[in-house]
Amino acid sequence: ALALLAIPMMYGNAVYPVISRLYLSSKGDLRFLYERSFKYMLLIGIAVSAGIYATSDRIISTFYGKEYLASSVVLSIIGWHLCLRFANIMSGFTLSAMDRQRSRVLSQGVAVASKIALNFVLIPFYGVIGAAFATLIAEVIFFISYNFFVSRCGIKINVIKPFIKPAIAALIMIVTLRIVALYFLENFLIAVIVGIFSYAVSLFALRAIDGEDKRIIDEVVRNA
């Protein structure tokens, strides 16, 4: 699952020079770019997390064998931290481009300290499931910290609104996968295809991607 983090890293590298330039020339354009980039990372990250949650048992049985199926519960929990990690990577690139390395390091330090503390509290009672929840909670703290520092730089956005439509689409995808799996969906590859199709159709129906999004994505792809 961590290999999927290459997606926000590639996107961040593509927009990093643009963020640096806009920070010096136009805060308004920078806010617009950051808001849209934040949205795109959530669109992808929520789909990845929801897909892992819905197919965690198939992922484990396909790649590790059915004797490890019990660990699918841990994967279904820890997978949710990826949607926040996608957004956090974008926020980290933005802070670096604005020469706010100190804020970035401080946020990382707070997240690491909170994860260590949570591990001490949760693991003795809940074992590996407690460790999974510690990772998820620490990522939430990381998310809050990063966005606090980004907003202090004058780049204030609504961080709740971008979650709504992708979350609805993700819920539809999860329900679709669970319903279809009851009958004939045992192949992991087919599950991935069905999940992507369901999520994409739901986003289209919800009008989560507008014309401006398409223009920006096309420009970023060409720059990359």
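Of all non-hydrogen atoms in Ala131 and Asn119, the two that sit nearest each other are CA-OD1, 3.8 Å. In this structure, Ser49 and Gly79 approach most closely via the heavy-atom pair OG-O, 2.8 Å. The minimum heavy-atom distance linking Ser114 with Ala111 is given by the pair OG-O, 2.7 Å. Between Ala87 and Phe143, the closest heavy-atom pair is CB-CE1, 4.1 Å. Nearest heavy-atom pair across Leu118 and Ala134 is CB-CB, 3.7 Å. Between Ile89 and Pro8, the shortest heavy-atom contact is CD1-CG, 3.7 Å.
Distance check: Thr176 OG1 to Leu171 CG gives 9.0 Å after rounding to the nearest 0.5 Å. Here the straight-line distance linking atom CD1 of Ile209 with atom CG of Leu43 works out to 4.5 Å at 0.5 Å rounding. Atom CG of Leu75 is separated from atom CD1 of Ile60 by 5.0 Å, given to the nearest 0.5 angstrom. Atom CG of Leu106 and atom CD of Gln101 lie 13.0 Å apart (nearest 0.5 Å). Between Leu42 atom CG and Lys165 atom NZ the span is 14.0 Å, to the nearest 0.5 Å. If you take SG on Cys83 and CD on Glu139, they are separated by 8.5 Å, rounding to the nearest 0.5 Å.
In the hydrophobic cluster analysis, where Ile, Leu, Val, Met, Phe, Trp and Tyr join through side-chain heavy atoms closer than 4.5 angstrom, Tyr126 is grouped together with Ile77. Residues Ile172 and Ile196 do not share a hydrophobic cluster, defined by chaining ILVMFWY side chains whose heavy atoms lie under 4.5 Å apart. Leu33 and Leu24 fall within the same hydrophobic cluster, defined by Ile, Leu, Val, Met, Phe, Trp and Tyr side-chain heavy atoms under 4.5 Å apart, directly or through other members. Taking hydrophobic clusters as Ile, Leu, Val, Met, Phe, Trp and Tyr residues chained together by side-chain heavy-atom distances below 4.5 Å, Tyr40 shares a cluster with Tyr16. Hydrophobic clustering (ILVMFWY, side-chain heavy atoms < 4.5 Å, transitive): Phe204 and Ile164 are in distinct clusters.
Under the 3.5 Å distance criterion, the side-chain polar atoms of Ser76 are matched with a main-chain donor or acceptor of Val73. Using modelled atom types, no side-chain atom of Ser198 and backbone atom of Gly195 make a donor-acceptor pair closer than 3.5 Å.
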Output a table of donor-acceptor pairs, distance under 3.5 Å, between side-chain atoms of residues 148-158 and any protein atom two or more places apart or on a different chain; print 'none' if there are none.
residue: Ser151; atom: OG; partner: Asn147; partner atom: O; Å: 3.2
residue: Ser151; atom: OG; partner: Phe148; partner atom: O; Å: 2.6
residue: Asn158; atom: OD1; partner: Ile160; partner atom: N; Å: 2.9
residue: Asn158; atom: OD1; partner: Lys161; partner atom: N; Å: 3.1

List the atom pairs, donor and acceptor, that lie under 3.5 Å between side-chain atoms in residues 50-57 and the rest of the protein, sequence neighbours left out.
residue: Thr55; atom: OG1; partner: Gly51; partner atom: O; Å: 2.6
residue: Ser56; atom: OG; partner: Ser72; partner atom: O; Å: 3.4

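Between Ile78 and His81, some side-chain heavy-atom pair lies under the 4.5 Å cut-off. Counting only heavy atoms from C-beta outward, the side chains of Tyr199 and Ile46 approach each other to under 4.5 Å. Looking at Met173 and Ser202, their side chains never come closer than 4.5 Å, going by heavy atoms from C-beta outward. Annotation: side chain of Leu95 is in contact with side chain of Tyr146 (closest heavy-atom distance under 4.5 Å). You'll find the side chain of Leu5 reaches within 4.5 Å of the side chain of Leu82, heavy atoms only. Looking only at side-chain heavy atoms (C-beta outward), Tyr34 and Ile19 stay at 4.5 Å or farther from each other. Here the side chains of Asp210 and Arg36 are in contact, with some heavy-atom distance below 4.5 Å. Between Phe93 and Met9 the shortest side-chain heavy-atom distance falls below 4.5 Å.
For Tyr23, the OH atom counts as densely surrounded, since its 6.0 Å shell holds more than 12 non-hydrogen atoms of other residues, nucleotides or ligands. Counting non-hydrogen atoms of neighbouring residues, nucleotides and ligands closer than 6.0 angstrom, the OH atom of Tyr68 reaches no more than 12 such neighbours.
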Handout entry: Evaluation steps, side-chain contact (heavy atoms from CB on, under 4.5 Å), between Val159 and Ile144
Key = CA-CA 10 Å; Val159 298; Ile144 295 171; over 6 Å; no
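With respect to the salt-bridge test (charged N to carboxylate O, under 4.0 angstrom), the residues Asp29 and Arg21 do not qualify. One finds a salt bridge joining Arg31 and Glu35 here, because a Lys/Arg side-chain nitrogen approaches an Asp/Glu carboxylate oxygen to under 4.0 Å.
With sequence neighbours left out, the side-chain contact (heavy atoms from CB on, under 4.5 Å) criterion links Phe125 to no other residue.
If you check the side chains of Ser37 and Tyr11, you find a donor sitting under 3.5 Å from an acceptor.
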